Colleague: 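The structure is given below, and queries will be raised subsequently.
Only a predicted model underlies this, so the values are computations on that prediction, with no experimental measurement involved. Remember, it's 1-based here, ligands and their atoms both numbered in the order they're listed.
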Amino acid sequence: MPVTKERFRQEYITKLELMYGDDAGHTSSLEKYNALVSLVRDYLAQQWKKTRAHYRRTGTKQVYYFSIEFLLGRLLGANLFNLGLTEICREALAELNIDLHELEKIEEDPGLGNGGLGRLAACYLDSMAAKNLPGHGMGIRYRYGLFEQRIIDGYQREFTDDWLMDGFYWDIRKPAEAVEVRFGGRVRIKSNGKTQYIHENYETVLAVPYDVPVAGYRNGLVNTLRLWSAEAKLSDIACHSDESKDCQKAVEFNHAVEEISNILYPDDTTYEGKVLRLKQQYFLVSAGLQSILRNYKEQNGHLKELPQKIAIHINDTHPVLTIPELMRILIDEEKLEWDEAWKITVETISYTNHTILPEALEKWPVDLFKQVLPRIYMIVEEINEGFCRSLWERYPGEWDRISAMAVISYGQVHMAHLAIAGSHSVNGVAALHTEILKHKVMRLFYEFSPEKFNNKTNGVTQRRWLAQCNPPVAALITDTIGAEWIESPQHLIKLKQYVEDSGFQQYLSRAKLQNKVMLAKYIKGKYDISLDINSIFDAHIKRIHAYKRQTLNILHIMDLYNRLKDNPLLDITPRTFIFGGKAASNYHIAKATIKLINSLAQTVNNDKSIHDKIKIIFMENYNVSLAELIIPASDVSEQIPTASYEASGTGNMKFMMNGAVTIGTLDGANIEIKNAVGEENIIVFGLTADEVLQYYRYGGYNPWDVYNSDQRVRTVVEQLINGFLPAGKEVFRDHYDSLLHQGDHFFVLKDFASYVQAQNILEERFRNKARWLKMCACNIAHSGAFSSDRTFSEYAAEIWGVRPQRLGNGNGNRSTGPVN
Ligand code: 26Q
């Protein structure tokens with residue numbers, strides 16, 4: 001029986017009353033929200049069951065995406081949407097005088113990620129399910145998220161992100177499927193014929209899985225995101241006597257164990273912090289692999305066939321211990337020989353690199369590693385020996401090369417080297433990034449095994465990032481070209497024929513304006529700042545990092561402000577500059593950048609003499625939900641990293657599919673966006689990656705030359721420290737020094753003139769309404785290439801060998817109706 005509005009309403013009331021033992025009229029908003037989640041979960045459960053049965057029956061190959069982050073965003077709207085129930089639910093609730101949108105806002109963003117890599121993992125889950133691919137996520141159920149950012153006196157302050165406080169109704173605890181993960185202790189080697197490794201005196205942590213359903217878009221398929229939580233084993237924490245001392249110890253032990261899944265990216269500046277991070281990584285990997293293999297063994301034959309049935313993908317190096325852990329299980333528990341185990345492992349595992357920042361390439365001190373994971377360390381040593389041996393055979397006598405490639409060298413374990421040695425595929429996330437990996441960062445590895453390297457340009461799901469977050473534009477698209485684009489984004493190209501159509505342009509302009517009104521309302525409500533909705537909404541939202549160059553944006557705004565002050569009659573189109581992003585809590589200059597943005601905002605927003613021509617807003621606690629509000633309302637997308645640093649970027653894709661025009665450097669996926677939309681529909685500026693890399697190699701850039709030759713640069717740089725900003729003279733000294741005295745590592749001053757010129761061109765384009773709207777429309781029309789549906793089909797076909805499924809239950813295969 002299909003879910004109709006009547007049925008939905010009935011089932012919802014029943015659910016609400018049964019859950020809370022009161023009549024619906026006397027329940028709170030939170031209770032109403034919880035009941036709705038529970039009902040939606042029931043609908044998902046039916047399809048989940050069928051999907052699992054299908055996977056069991058067919059024994060089809062499955063892929064597991066291991067990631068330390070999953071930045072899911074709110075799930076209620078997404079699940080209703082994927083079930084095809086949004087309208088039915090909205091109307092049914094409206095009859096009960098409940099506003100669906102208000103309930104949606106109650107949901108906390110699950111704090112399970114921090115940035116691009118985590119959001120990518122979430123987009124991929126959506127696409128795998130939508131494209132009928134048997135693919136699942138494996139992650140950690142952090143008790144607390146990264147941190148909640150509050151801005152106090154212009155500064156970032158970090159508060160505990162207690163996202164689970166009101167409960168999380170989407171996941172299902174599966175205590176019966178818990179596994180044990182072992183840390184510390186020692187390894188005894190027993191040799192009677194066959195060598196045996198006996199791990200003793202270890203500490204056991206119980207890994208308890210929580211399963212989150214991941215629904216495909218109206219196709220009856222529900223995959224699983226399995227999140228692991230660390231708990232103490234009951235038998236280990238029982239008080240041994242009546243003495244309270246023992247109980248106290250037991251409680252402390254319990255806390256120590258639970259710490260493993262307490263928080264994402266614990267501070268690793270201390271030894272204890274490092275230990276905790278390594279424990280987290282192994283915890284995820286060991287628990288995940290044990291559960292996969294347990295399931296595999298129940299259904300399949302020999303482990304030799306593992307690569308035919310299972311693909312394991314590691315999202316950056318954080319889960320790279322899958323390699324030695326799989327070896328451990330195959331050798332110590334399943335009694336396979338090393339060579340056979342190694343072949344299985346390499347064929348099963350594939351790896352994506354997401355960054356070339358040297359500080360993000362993970363390394364662990366050998367001593368620490370050995371102490372926390374003694375058996376795993378032995379296996380890594382043996383992997384290293386085997387790998388170095390094969391290098392030696394190929395490059396006899398080339399010690400320097402071999403030590404540069406070794407998995408263990410100079411007292412450290414190099415996780416990226418382990419990932420390349422132990423997997424069959426290594427990919428970058430945009431064409432340029434992959435080239436940089438092949439020819440610079442991982443050149444020696446590419447020379448040794450070129451066949452492993454490939455590119456998979458990132459993508460994002462147009463279902464969340466257009467269809468759900470931008471209803472006015474989504475409706476316009478559907479009215480213009482039909483609804484197929486929601487399933488198959490390549491259909492968006494059909495908009496091409498309307499980009500100059502004045503009727504279409506008018507609707508597009510109106511739809512964008514509606515979004516701008518919504519954002520302006522939010523900002524008025526939260527910050528009491530009034531925005532001009534006809535101003536250019538210019539957004540720079542992402543993690544705060546020197547390479548992402550929020551500072552360049554700020555210096556341009558300072559220059560624009562100076563020009564306005566010099567000439568109050570200057571005819572500029574009003575601009576609203578929107579910033580958002582968190583700075584790592586120990587990253588001082590990034591935190592000072594937040595203060596810089598807020599200080600300039602204070603000066604500019606309160607200066608009556610510029611007649612509201614510039615407004616600057618820093619949006620506190622940037623997260624997925626805020627992105628969903630800001631992106632649809634933006635006219636301009638700031639993507640201005642120092643070329644070569646941004647592996648891909650995914651915000652750039654979200655903005656373009658919402659009809660914003662990119663101002664950007666030729667870096668990461670910006671280059672591919674430019675190729676897709678054409679030069680006339682994007683504004684590029686600045687040094688190219690080649691130029692940047694040449695300067696690093698051969699020198700030749702001196703920021704003082706720019707300072708001395710460009711009056712505008714001189715003025716804005718001096719304004720950082722001359723009391724122009726209300727924060728005082730010394731607060732931005734580090735910025736000043738890094739720009740002038742430390743060589744301007746990120747080429748901010750070098751790119752300044754070119755950026756200002758690009759901003760001027762942008763403004764000129766905006767003044768020509770028809771031309772601008774054509775640019776917006778072209779960006780939407782060409783955004784199909786940046787859908788994660790496309791990316792994932794490539795991963796599935798070229799790396800994992802998994803195939804789209806047809807659910808043989810009469811319910812699925814692209815049924816267009818709502819859930820049955
Ligand atoms: C490593 C070592 C020690 C401590 C932390 C880390 C660490 C933590 C997080 C290293 C990297 C990350 C996250 C990286 C990330 O989000 N990279 C982004 O990935 C996106 C998806 O591929 C790209 O679009 C972005 O360009 C890239 O910056």
Colleague: side-chain hydrogen bond (donor to acceptor under 3.5 Å, both in side chains) with Thr269: which residues, sequence neighbours excluded?
Modeller: Asp267
Colleague: In terms of side-chain geometry, is the basic nitrogen of Arg150 or Glu148 positioned less than 4.0 Å from the acidic oxygen of its partner?
Modeller: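 A salt bridge links Arg150 with Glu148.
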Colleague: Taking Phe70 as the fixed residue, which of Leu225, Leu117, Ile140 is the one that meets the side-chain contact (heavy atoms from CB on, under 4.5 Å) rule?
Modeller: Leu225
Colleague: May I have a table of the N/O to N/O pairs between ligand 1 and the protein that fall below 3.5 Å, each row giving the two atom names and the distance to 0.1 Å?
Modeller:
unit_1: ligand 1; atom_1: 16 (O); unit_2: Leu117; atom_2: N; d: 3.0
unit_1: ligand 1; atom_1: 22 (O); unit_2: His354; atom_2: ND1; d: 2.6
unit_1: ligand 1; atom_1: 22 (O); unit_2: Asn458; atom_2: OD1; d: 2.8
unit_1: ligand 1; atom_1: 24 (O); unit_2: Asn458; atom_2: OD1; d: 3.4
unit_1: ligand 1; atom_1: 24 (O); unit_2: Gly649; atom_2: N; d: 2.8
unit_1: ligand 1; atom_1: 26 (O); unit_2: Glu646; atom_2: OE1; d: 2.6
unit_1: ligand 1; atom_1: 26 (O); unit_2: Ala647; atom_2: N; d: 3.3
unit_1: ligand 1; atom_1: 26 (O); unit_2: Ser648; atom_2: N; d: 3.0
unit_1: ligand 1; atom_1: 26 (O); unit_2: Gly649; atom_2: N; d: 3.0
unit_1: ligand 1; atom_1: 28 (O); unit_2: Tyr547; atom_2: OH; d: 3.3
unit_1: ligand 1; atom_1: 28 (O); unit_2: Glu646; atom_2: OE1; d: 3.0

Colleague: Do His318 and Phe66 have ring centres separated by under 6.0 Å?
Modeller: no
Colleague: Ring centres under 6.0 Å, that's the criterion: do Tyr351 and His313 meet it?
Modeller: no
Colleague: Can you confirm whether or not the ring centre of Trp163 sits under 6.0 Å from the ring centre of Tyr144?
Modeller: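 Ring centres of Tyr144 and Trp163 not closer than 6.0 Å.
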